[in-house]
Amino acid sequence: MTQKEPFSNYTILQNTLASRVVLEDLFLRPVRYVGGLDVSYSKRGRSSTACAGAVVMNPEDWSVVDSASACLENSVPYVPGYLSFREIPVLLEAYEKLQVLPDVWLVDGAGIAHPLRIGLAAHFGVLLDVPAIGVAKSRLVGRHDNLPAEKGSRVPLEDEKTGEVIGTVLRSRTDVKPLFVSPGHRVSIETAPEVVLSCCTRYRIPEPTRAAHNMVTVLKKTIPSS
DNA sequence: GCGACAG
DNA sequence: ATCTTGTCGC
């Protein structure tokens with residue numbers, strides 16, 4: 001039995017959700033608040049506790065407007081292409097605790113740059129019908145040309161078979177590995193990298209996602225690990 | 001058959 | 001993602 005078998009039954013769900021993705025800029029601009037989402041795990045690989053963090057920030061000074069977190073026992077394994085089924089549950093729990101919602105979310109993972117065009121950010125965005133952008137630290141699918149080393153440089157990420165543009169490879173800082181940005185929901189392919197770059201200050205990871213990551217890193221140490 | 005493979 | 005020691009650079 002392969003690793004993907006437990007998920008093969010969800011292919012129809014993924015295709016259904018993918019058909020509902022909107023690649024138009026249907027969010028408030030200029031953006032008032034930007035949100036960041038990330039998940040971390042307590043122990044190792046399987047059967048551990050997943051901790052999700054949601055942070056809402058003001059782009060003006062990157063102050064935290066609101067934040068929430070949640071932890072959940074997790075036994076869903078990580079299988080490329082099915083990350084959503086592992087992280088969505090705990091992310092929704094954290095999301096529901098927020099008092100203030102952002103105009104757009106930056107999610108740690110792929111948007112439509114996914115085999116079925118429904119990566120974590122797109123899955124999350126469609127489920128809640130909220131604007132979302134996928135910010136992955138490495139490539140899941142797609143091909144691209146070489147990217148200049150200077151911050152702000154970008155090249156299109158396209159489907160290796162059809163040539164369809166599915167995202168943007170973006171240099172968020174000079175001389176660092178690029179980010180793989182792709183729309184999640186209610187954001188266009190052209191606008192996604194602009195929003196992400198506007199959130200990159202002095203680090204490779206944009207502020208909202210970075211804040212969420214720092215939050216869960218501290219949180220998981222509070223949880224009993226076995 | 002042999003790699004590739006978000007987090 | 002997680003597990004880890006040292007090391008390079010501002």
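Chain letters run A, B, ... following the sequence lines, proteins first, then strands; residues in each count from 1. It should be emphasised that the depicted structure is a prediction, and the values quoted were computed from it without experimental measurement.
- Remark: P of B:dG7 and CZ of A:F85 are 18 Å apart, rounded to the nearest angstrom.
- Between A:A52 and A:V39, the shortest heavy-atom distance links the atoms CB-CG2, 4.1 Å.
- Nearest to the side chain of A:K220, among B:dC5, C:dA1, C:dT2, sits C:dT2.
- With rounding to whole Å, A:L120 atom CG is found 10 Å from B:dG7 atom P.
- Residues A:V55 and A:M215 meet the side-chain proximity criterion, which asks for heavy atoms closer than 4.5 Å.
- Per the geometry, CZ belonging to A:R202 stands 14 Å off P belonging to C:dC10, to the nearest Å.
- Using a 4.5 Å heavy-atom threshold, the side chains of A:D129 and A:R186 count as touching.
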Side-chain donor-acceptor distances from residues 140-148 of chain A under 3.5 Å, at least two apart:
unit_1	atom_1	unit_2	atom_2	d
A:R143	NE	A:E158	OE2	3.3
A:R143	NH1	A:E160	O	3.4
A:R143	NH2	A:E158	OE2	3.2

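- By the criterion of side-chain heavy atoms lying less than 4.5 angstrom apart, applied directly or through intervening Ile, Leu, Val, Met, Phe, Trp or Tyr residues, A:F7 is grouped together with A:V126 in one hydrophobic cluster.
- As judged by a 4.0 angstrom heavy-atom cut-off over every strand, A:Y82 is placed among the base-contacting residues.
- Rounding to whole angstrom units, CG of residue A:D175 and P of C:dC8 are separated by 19 Å.
- Look at A:D108 and A:K137 and you find a salt bridge, because one of the NZ, NE, NH1 or NH2 atoms lies within 4.0 Å of a carboxylate O, short of that distance.
- With sequence neighbours left out, A:H185 forms a ring-ring contact (aromatic ring centres under 6.0 Å, His included) with no residue at all.
- We find that CD1 of A:I88 is positioned 15 Å from P of B:dG7, with the value rounded to whole Å.
- Contact between A:I112 and A:I166 at its shortest, heavy atoms only, is CG1-O, 3.4 Å.
- Helical stems involving DNA chain B, defined as 3 or more consecutive Watson-Crick or G-U pairs under 3.5 Å, do not occur.
- Between A:Y41 and the phosphate of B:dG7, there is no side-chain N or O to OP1/OP2 separation shorter than 4.0 Å.
- Close to B:dA6, at under 4.0 Å from its OP1 or OP2, lies no side-chain N or O of A:H123.
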Practice item. Test ring-ring contact (aromatic ring centres under 6.0 Å, His included) on A:Y10 and A:Y82 and set out the steps. Key: CA-CA 9 Å; A:Y10 298 127; A:Y82 301 92; 8.1 Å; no
Point to revise | Dot-bracket encoding per residue of DNA chain C, Watson-Crick/G-U cut-off under 3.5 Å, | denoting interstrand | key: ..........
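- In this structure, A:K221 atom NZ and C:dT2 atom C1' are separated by 13 Å, rounded to whole Å.
- Residue A:I205 contributes atom CD1, which lies 14 Å from atom C1' of C:dA1 at whole-angstrom precision.
- Looking only at distances, no side-chain donor or acceptor of A:E87 sits under 3.5 Å from a matching main-chain atom of A:G109.
- A heavy atom lying under 4.0 Å from DNA chain B marks the following residues of residues 124-150 of chain A, by number: A:A136, A:K137, A:S138, A:R139, A:L140.
- Rounded to an integer number of Å, the gap from A:Y78 OH to C:dC3 C1' is 18 Å.
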Do any side-chain atoms of residues 89-101 of chain A form donor-acceptor pairs under 3.5 angstrom with protein atoms, and if so which ones, sequence neighbours left out?
unit_1	atom_1	unit_2	atom_2	d
A:K97	NZ	A:S69	O	2.9
A:Q99	NE2	A:K97	O	3.4

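- Of all heavy-atom pairs between A:W62 and A:M57, the closest is O-CE, 3.2 Å.
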